[in-house]
Amino acid sequence: MELTVDSPLDLHLHLREQAMLSLVAPFSAAQFAAGVIMPNLVHPVDNLQRLRSYRQQIIAACGNQPFTPLMTLFFRDYSRDELLAAREEIIGVKLYPAGITTQSEDGVRDFDRIGDTVALLEELDIPLLVHGETSGFVMDREREFLTVYQWLAETFPRLRIVMEHITTAAAVAFLERYDHIAATVTLHHLMITLDDVAGGLLQPDLFCKPIAKTPQDREALRRAVFSGHPRLCFGSDSAPHPRHTKECCGCAAGVFSAPVALPMLVQLFEENGCLERLSDFLSANGRRFYRVEPPPRRVTLERIPWQVPEQFETVKPFLHGQTLRWRLKNQQ
Ligand code: NCD
Ligand code: ZN
C-alpha cells in the first residue's frame, strides 16, 4: 500500500552547519518540498550576506534532492533598508528571547525596545516567528509568554505572527483569538509528555525547549491538529546535537526528529483516523498563511515496517530502535 503527500513542508527546522549540516540535511531533503530554516547558528544569521552563504551551504548539502530552504533572519534591530533588501529572500524573521534556548544569547533582552523593528515587519508584510517562552518556571513559560503574543497581536494587527512549537492547551486556546496568528506543532509534542522525558530514567534525547508538558496539554494539541485546525502547521523543530553534548552534565536541548518525521506523522494521523487531514497540516495551512508556493513535489511512502537506527554517526534520532509502519519509498 502506498500513500502520496503533495509538497509536505517542515516549517521549523534546524540544519546547523558543516559536518552536522551534511549529515542531517539529506533526511529533510528526502521528505519535504521545503523547510523554514532556523537562524540560531553559532553566529546567528542576522545579515543578508550570511543568509545567502548559509542558503548555498544548505542547497549543497541537499545534493540532488529538490528541497527549497525558506530562510529566516535572526531578530535584532533592523533598519527599513535592511528589511527591504532582505524581503524577497526571507520567509520571516525569528525572534528568540535571550538565553531561552540553544544559541539564543543574542536574542531579545528587553521587549519594550522591539517595537520599531516589529512595526517595520508589519509595514513590509514580513512574518514574525517567535520562540514564545519567558524565563519563569519551566512548565509555565509558554503560558506566561501569551501576554507578549497578545501585545504583539493587538499592537500590530496586520503583522503575521507564528507561535513556534506550541505545547500547551493555553496556547491552543489563545490561537482562536487572532486570525493573523498561526502556530507550528512538532511531532514529538504530539507524542510525548514530561513523563517520557523525566518520569523514569532521564531521557536526554527527549529533552528540548519548550519542555514536553502534561497529558492534558498533549491532548489539546492532538485534538486541534487532528480536527484540522486551519492555522496549525507542521514544524518538526528537528534539532540535532552530537552525543557528547546530550549525554553529559548540562544536556543540550533539542530532539532530532528529521529521520522519522514524515513516516511517523502518517502513522499518527492514520491511528487517529484522520489521514484526510494530513496534507492540510503538512502543506496547505502553511502555504496559505505564509503565502508561499515552493516548487511542487510529490513524496510517496509505502506501508513497509522499518526499524529506526540507533544512531546516525554522532546523533541519536527520535524513536531510535522503534519499528515504524510507514517508510519513504526508495528508502535504503
Ligand atoms: C533548538 C536548537 O537546538 O537549536 N532546541 C530545542 O530544544 N528546540 C532551539 C529551539 O528551537 O528552541
Ligand atoms: Zn527550534
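Counting starts at 1 for both ligands and their atoms, following the listed order.
Aromatic pair Phe156/Tyr178: ring centres not closer than 6.0 Å. In summary, the aromatic rings of His165 and His12 are positioned with their centroids under 6.0 Å apart. Aromatic ring centres of Phe226 and Phe269 lie closer together than 6.0 Å.
When the options Thr186, Leu15, Thr102 are ranked by their closest heavy atom to atom 2 (C) of ligand 1, first place goes to Thr102. With His241, His14, Glu133, His188 as candidates, the residue nearest to atom 1 (C) of ligand 1 on a non-hydrogen basis is His14.
Those atoms of ligand 1 with a heavy atom of Gly254 less than 4.0 angstrom away are 5 (N), 6 (C), 7 (O). Listed by number with element, the atoms of ligand 1 under 4.0 Å from a non-hydrogen atom of Asp237 are 8 (N), 11 (O). The atoms of ligand 1 that sit less than 4.0 Å from any heavy atom of Cys208 are 7 (O).
Between Ile304 and Trp326, every side-chain heavy-atom pair lies at or beyond the 4.5 Å cut-off. You'll find the side chain of Glu302 stays beyond 4.5 Å of the side chain of Met1, heavy atoms only. Within the 4.5 Å cutoff, side-chain heavy atoms of Ile126 are placed close to those of Val93.
Of all protein heavy atoms, the one closest to atom 5 (N) of ligand 1 is Ala253 O, 3.1 Å. Of the protein's non-hydrogen atoms, the one nearest atom 7 (O) of ligand 1 is Lys209 N, 2.7 Å. Ranking the protein heavy atoms by distance from atom 10 (C) of ligand 1 puts Thr101 OG1, 3.4 Å first.
Checked by atom type, the side-chain pair His229/Arg277 shows no donor-acceptor distance below 3.5 Å.
The part of His165 lying near ligand 1 is the side chain, judged by heavy-atom distances below 4.0 Å. Under 4.0 angstrom from ligand 1, there are no non-hydrogen atoms of Gln103. Looking at Met38 against ligand 1, nothing comes within 4.0 Å, counting heavy atoms. Looking at Ile100 against ligand 1, nothing comes within 4.0 Å, counting heavy atoms. Contacts of Lys94 with ligand 1, taken as heavy-atom pairs under 4.0 Å, are absent altogether.
Remark: Glu154 CD is packed, more than 12 non-hydrogen atoms of other residues, nucleotides or ligands lying under 6.0 Å away. With a 6.0 Å radius and a threshold of 12 heavy atoms from other residues, nucleotides or ligands, Asp110 has its CG atom above the threshold.
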Donor-acceptor pairs under 3.5 Å, side chain of residues 310-324 to any protein atom, not counting sequence neighbours: which ones?
residue, atom, partner, partner atom, Å
Glu310, OE1, His320, ND1, 3.1
Gln311, NE2, Glu313, O, 3.0

- Message: Applying side-chain hydrogen bond (donor to acceptor under 3.5 Å, both in side chains) to His241 and Arg16, what does each step give before you reach the verdict?
- Response: CA-CA 9 Å; His241 291 277; Arg16 315 299 193 207; 3.2 Å; yes

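Distances shorter than 4.0 angstrom do not occur between any heavy atom of Glu164 and any atom of ligand 1.
Applying the salt bridge (charged side-chain N to carboxylate O under 4.0 Å, His left out) definition to pairs two or more places apart or across chains, those involving residues 195-215 are Asp205-Arg243. The salt bridge (charged side-chain N to carboxylate O under 4.0 Å, His left out) contacts involving residues 39-62 comprise Asp46-Arg50, Asp46-Arg76, Arg52-Glu89, where partners must be two or more places apart or lie in separate chains.
Under 2.8 Å from the Zn ion (ligand 2), one finds the following protein N/O/S atoms: His12 NE2, His14 NE2, Asp237 OD1.
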